[in-house]
Amino acid sequence: ITQYFTKIIVWLYAKRGLKSAAERVRILSGLVADYRIMIRLVGLAPMAQFIRYGEQYPAQSRVLRWLDRAMNLSLVCYYPLEHAYWLGAHRIIPLSDKAVENAGYWSCRFWAVWVALQFVHLGEEYRGITKRRKNIFIQGKIDAVKMQEELDAVEADTKSWKIQLLINACYFPLTMHWSIRGSTFPDVAVGCFGTVAALAQAYNVWNATA
């Protein structure tokens with residue numbers, strides 16, 4: 001949340017002519033973004049475990065299984081490129097400025113692929129939720145309490161699906177922006193979309209642990 005919300009603060013300060021304050025907040029935003037990339041340097045191992053788990057316990061739908069594999073492949077490409085970008089930008093590994101720049105753009109492009117595939121994934125998930133709701137009403141005699149429990153479970157999944165759709169819709173323009181050289185997408189818009197996505201993700205985490 002801090003990484004994105006500070007971009008909005010920078011814009012507000014700049015609008016009011018508070019250039020010094022805006023620059024300090026901009027530096028903070030950059031440090032937070034850099035830290036978030038750094039901690040993802042250890043992301044390959046958990047991702048490998050997640051892929052292995054997905055293969056051991058695949059989705060029931062054939063479409064979802066292949067979508068999961070395609071999305072995992074995009075992440076397999078994304079993580080090493082982002083690692084190369086960060087390590088090269090900090091002169092930890094010997095890469096030219098051009099190579100660092102290319103690694104950054106291509107990592108974001110593979111992230112954009114993941115986000116685009118997630119829209120398809122969400123569409124398939126919604127079909128499954130709709131089918132479950134329909135089956136509850138067309139099945140034979142069922143206890144009213146059990147029926148209500150099943151409906152509540154479907155409603156909970158529908159709510160979670162809506163939040164995931166919101167998060168994905170917010171990240172889509174950001175990944176496109178970071179994937180295009182010379183993009184004119186305003187930084188304050190990055191802050192707005194990113195803040196909404198981060199708040200929605202925080203709500204999901206809170207809701208799952210409540």
Side-chain angles (χ1 to χ4, degrees), residues 1-10 25-55 67-119 121-122 160 163-181 183 185 187 189-209:
I1 296 173
T2 303
Q3 175 189 348
Y4 295 112
F5 188 66
T6 47
K7 292 181 180 293
I8 301 174
I9 296 176
V10 168
V25 178
R26 192 193 313 277
I27 292 170
L28 173 62
S29 179
L31 287 173
V32 173
D34 191 65
Y35 173 74
R36 290 188 67 206
I37 295 175
M38 184 187 71
I39 60 176
R40 285 200 293 269
L41 289 173
V42 296
L44 279 172
M47 184 191 66
Q49 292 177 337
F50 177 78
I51 293 174
R52 181 181 178 185
Y53 180 86
E55 290 300 317
L67 275 172
D68 286 340
R69 287 165 182 163
M71 293 169 74
N72 288 337
L73 179 60
S74 70
L75 292 180
V76 168
C77 297
Y78 160 75
Y79 272 104
L81 284 166
E82 186 186 58
H83 297 347
Y85 163 77
W86 191 88
L87 293 169
H90 287 276
R91 306 301 180 193
I92 297 171
I93 60 175
L95 286 179
S96 67
D97 291 343
K98 187 66 174 178
V100 171
E101 181 182 319
N102 286 336
Y105 278 117
W106 277 104
S107 68
C108 289
R109 287 166 186 166
F110 281 112
W111 183 15
V113 169
W114 187 95
V115 172
L117 290 172
Q118 176 70 346
F119 279 121
H121 200 286
L122 287 167
S160 177
I163 296 172
Q164 289 297 334
L165 180 62
L166 173 63
I167 293 169
N168 215 54
C170 288
Y171 275 127
F172 183 70
L174 301 187
T175 56
M176 294 302 295
H177 160 60
W178 291 321
S179 299
I180 300 171
R181 296 178 191 272
S183 171
F185 197 68
D187 217 32
V190 173
C192 291
F193 280 104
T195 298
V196 173
L199 287 172
Q201 286 176 315
Y203 175 79
N204 256 358
V205 173
W206 175 83
N207 201 42
T209 56

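All figures in this text were calculated on a predicted structure; none of them were measured in a lab. Only this structure's heavy atoms are used, side chains among them; waters, hydrogens and symmetry mates stay out.
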Task: Residues forming a ring pair (Phe, Tyr, Trp, His ring centres under 6.0 Å) with Trp106, sequence neighbours excluded - done: none
Task: Any residue meeting ring pair (Phe, Tyr, Trp, His ring centres under 6.0 Å) with His121, in chain and number order, not counting sequence neighbours - done: none
Task: Ser29: partners by side-chain hydrogen bond (donor to acceptor under 3.5 Å, both in side chains), with sequence neighbours left out - done: Thr6
Open item on the list: Show the nearest heavy-atom pair for residues Ile167 and Ala197, with the distance to one decimal.
Closed with: CG1-O, 4.0 Å
Open item on the list: Run the salt bridge (charged side-chain N to carboxylate O under 4.0 Å, His left out) test against Arg36 and tell me which residues pass, sequence neighbours left out.
Closed with: none
Open item on the list: Minimum heavy-atom separation for Leu174 and Phe185, please, with both atom names.
Closed with: CD2-CE2, 4.0 Å
Open item on the list: Could you report the tightest heavy-atom contact between Val76 and Pro80, atom names first, then the distance?
Closed with: O-CD, 2.8 Å
Open item on the list: Is there a side-chain contact between Leu75 and Phe110 in this structure, where contact means two heavy atoms from C-beta onward sitting under 4.5 Å apart?
Closed with: no
Task: Qualifying residues under side-chain hydrogen bond (donor to acceptor under 3.5 Å, both in side chains), relative to Gln164, sequence neighbours excluded - done: none
Task: Contact list for residues 99-115, test salt bridge (charged side-chain N to carboxylate O under 4.0 Å, His left out), sequence neighbours left out - done: Glu101-Arg181
Open item on the list: Taking OH in Tyr105 as the centre, count heavy atoms belonging to other residues, nucleotides or ligands within less than 6.0 Å. Is the count above 12?
Closed with: yes
Task: Distance, nearest 0.5 Å, that separates OG1 of Thr195 from CD1 of Ile8 - done: 4.0 Å
Task: Nearest-0.5 Å distance that lies between atom CG in Asp187 and atom CZ in Arg26 - done: 7.0 Å
TODO: Please identify each residue that fulfils ring pair (Phe, Tyr, Trp, His ring centres under 6.0 Å) with Phe119, with sequence neighbours left out.
DONE: Phe172
- [ ] Identify the two heavy atoms, one from Ser179 and one from Ala112, that lie closest to each other, and give their separation to 0.1 Å.
- [x] OG-CB, 4.0 Å
Task: Reported OG1-to-CD1 distance for the pair Thr2 and Ile9, which is rounded to 0.5 angstrom - done: 9.0 Å
Task: Contacts of type ring pair (Phe, Tyr, Trp, His ring centres under 6.0 Å), residue Trp178, not counting sequence neighbours - done: Trp111
- [ ] Measure the spacing between CD of Gln118 and CG of Asn168 and express it to the nearest 0.5 Å.
- [x] 5.0 Å
Open item on the list: Is it the case that over 12 heavy atoms from other parts of the model lie below 6.0 angstrom from the CZ atom of Phe50?
Closed with: no
TODO: State the OG1-NE2 distance between Thr175 and His177, to the nearest 0.5 angstrom.
DONE: 10.5 Å
Hey, can you pull the donor-acceptor pairs under 3.5 Å for the side chains in residues 198-205, sequence neighbours left out?
residue : atom : partner : partner atom : Å
Gln201  : OE1  : Tyr171  : OH           : 3.2
Tyr203  : OH   : Lys159  : NZ           : 2.8

Task: Partners meeting side-chain hydrogen bond (donor to acceptor under 3.5 Å, both in side chains) with Ser74 (sequence neighbours left out) - done: none
Open item on the list: Can you pull out every side-chain hydrogen bond (donor to acceptor under 3.5 Å, both in side chains) where at least one residue sits in residues 76-91? Sequence neighbours excluded, please.
Closed with: Asp34-Trp86, Asp34-His90, Arg40-Tyr78, Arg40-Glu82, Tyr78-Glu82, Trp86-His90, Arg91-Asp97
Task: Minimum-distance pair of heavy atoms, taken over all atoms of Ala84 and Leu95 - done: O-CD1, 3.6 Å
Task: From CG (Leu122) to CG (Leu165), nearest 0.5 Å - done: 6.0 Å
Open item on the list: Suppose we screen for side-chain hydrogen bond (donor to acceptor under 3.5 Å, both in side chains). Which residues come up paired with Ser160, at least two apart in sequence or across chains?
Closed with: none
Task: Heavy-atom pair with the smallest gap, counting every atom of Val42 and Pro46 - done: O-CD, 3.0 Å
